[in-house]
There are 2 protein chains.
Amino acid sequence: MENETEKVPCEGREYSNCGKHIAAVHDTMDVLNGKWKITIISLLGFGKRRYSEILKEVTGISGKMLSRELKDMEMNLLIKRTVISEQPISVMYELTDYCVDLLPVIDSLAEWGKRHRQCIVEQFKQEPVEVI
Amino acid sequence: MENETEKVPCEGREYSNCGKHIAAVHDTMDVLNGKWKITIISLLGFGKRRYSEILKEVTGISGKMLSRELKDMEMNLLIKRTVISEQPISVMYELTDYCVDLLPVIDSLAEWGKRHRQCIVEQFKQEPVEVI
DNA sequence: CTGCATCCTGGGCGATACTG
DNA sequence: CAGTATCGCCCAGGATGCAG
């Protein structure tokens, strides 16, 4: 409501970088495509897991998708796959150092998500009076 | 290749938060769903634009999708819509302060994307030596 | 110029069953 | 237990045309 500056939202941004910037974002989102990868990375950020554990903890994902995503992520060097035991076979997945660099990014995503949820809740409350 | 620590990737993470964390990420990605919103926000991070300008600068997007995404984002309070002139009608879009908070997040996405592109390029160079 | 309605296709994703 | 194969749904999103 405060009629603040009408400036470019984020200072320090030069329009000349715009194209590159967008392309770079696109590169990242390309790797993180689909419905599940970010969730899987988030989970693995809390420690390595076996296939079946991930399957249980990522609610809603099917076996096919998990396999596919995992394979895809391995090819992109986001996770490391290790066969633990042969009988019965079991496989461990963990983030690569490379992918660990993504965790702070994902954390900030989460941060914003929390605030957003707050805002949405507030909105619904605003019907009667302003409440804390 | 360095056999580093086998610890939990990111210290300071408690498993008890895992569920909440993932949910929060999901909330954000829910708002940012689809193929275009992040790109649009990135662009608008470089300054307000008119509908037709965005249409031109976001390569590949169709008019229908732009309208749809814009409306959706307005409902989520990510952007502000302002009618500039009536004849011919023209509309300006800009990020809300609320959404500006997302820019640093997107920036880090871009940051990682740049590094990732580097890595991919490196990989192709590495053909000569041992490959699986 | 901005924005909506309609039609249509591709592929993301789920369910199930099967192999090693 | 880990992963693959098959089938099919469904909807994001492209193309086009119309309206204010």
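In what follows, every heavy atom counts, from backbone to side chain, and hydrogens, waters and symmetry copies are set aside. Throughout, protein chains are lettered first and strands after them, A, B, ... in sequence-line order, and every chain is numbered starting at 1.
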Base, sugar-phosphate or nothing for R68(B)? Non-hydrogen atoms, less than 4.0 Å.
base

Using the rule salt bridge (charged side-chain N to carboxylate O under 4.0 Å, His left out), only one of K35(B), K37(B), K64(B) pairs with E69(B); which is it?
K37(B)

Under 4.0 angstrom between Y93(A) side-chain N/O and dG3(D) OP1 or OP2:
yes

Could you tell me whether G63(B) contacts a base, only the sugar-phosphate backbone, or nothing, with contacts defined as non-hydrogen atoms closer than 4.0 Å?
nothing

Can you tell me the distance, in whole Å, between the CG atom of L55(A) and the P atom of dT16(C)?
14 Å

If I take atom CD1 in residue I79(A) and atom P in nucleotide dA2(D), what distance separates them, rounded to the nearest angstrom?
13 Å

Report yes if a side-chain nitrogen or oxygen of S85(A) is closer than 4.0 Å to either non-bridging phosphate oxygen (OP1 or OP2) of dC1(D); otherwise report no.
no

For R50(B) and dG3(C), what is the distance between atoms CZ and C1' respectively, to the nearest whole Å?
14 Å

Would you indicate which nucleotide in dC1(C), dC4(C), dA2(D) comes nearest to any side-chain atom of K71(B)?
dC4(C)

For a quick check, tell me whether the side chain of K64(B) and the base of dG14(D) share a donor-acceptor pair closer than 3.5 Å.
yes

Which nucleotide, dG3(D), dC1(D), dG14(C), lies nearest any side-chain atom of W36(A)?
dG14(C)

Between Y93(A) and T82(A), a side-chain donor and acceptor under 3.5 Å
no

So which one's nearest nucleotide on DNA chain C is more toward 5', M65(A) or I89(A)?
M65(A)

How many Å lie between NZ on K37(A) and C1' on dC13(C), as a whole number?
12 Å

On DNA chain D, nearest-nucleotide positions of L70(A) versus N33(B): which is more 5'?
L70(A)

Using atom NZ of K35(A) as one end and atom P of dG11(C) as the other, report the distance to the nearest whole Å.
19 Å

CG/L70(B) to CE/M65(B) distance, rounded to the nearest 0.5 angstrom?
11.0 Å

What contact category does S90(B) fall into here, base, sugar-phosphate, or nothing, at under 4.0 angstrom with non-hydrogen atoms?
sugar-phosphate

First encountered from the 5' end of DNA chain D, between S67(A) and P88(A):
P88(A)

Without decimals, in angstroms, what is the distance between L66(A) CG and dA2(D) C1'?
10 Å

With a 4.5 Å limit on heavy-atom distance, are the side chains of E94(B) and I79(B) in contact?
no

dC1(C) C1' sits how many Å from R49(B) CZ, rounded?
18 Å

Residue V91(B), side-chain atoms from C-beta onward, closest of dC1(C), dG3(C), dA2(D):
dG3(C)

To the nearest 0.5 Å, what is the distance between CE (M73(B)) and CZ (R68(B))?
14.5 Å

Whole-Å distance between dG3(D) C1' and I54(A) CD1?
13 Å

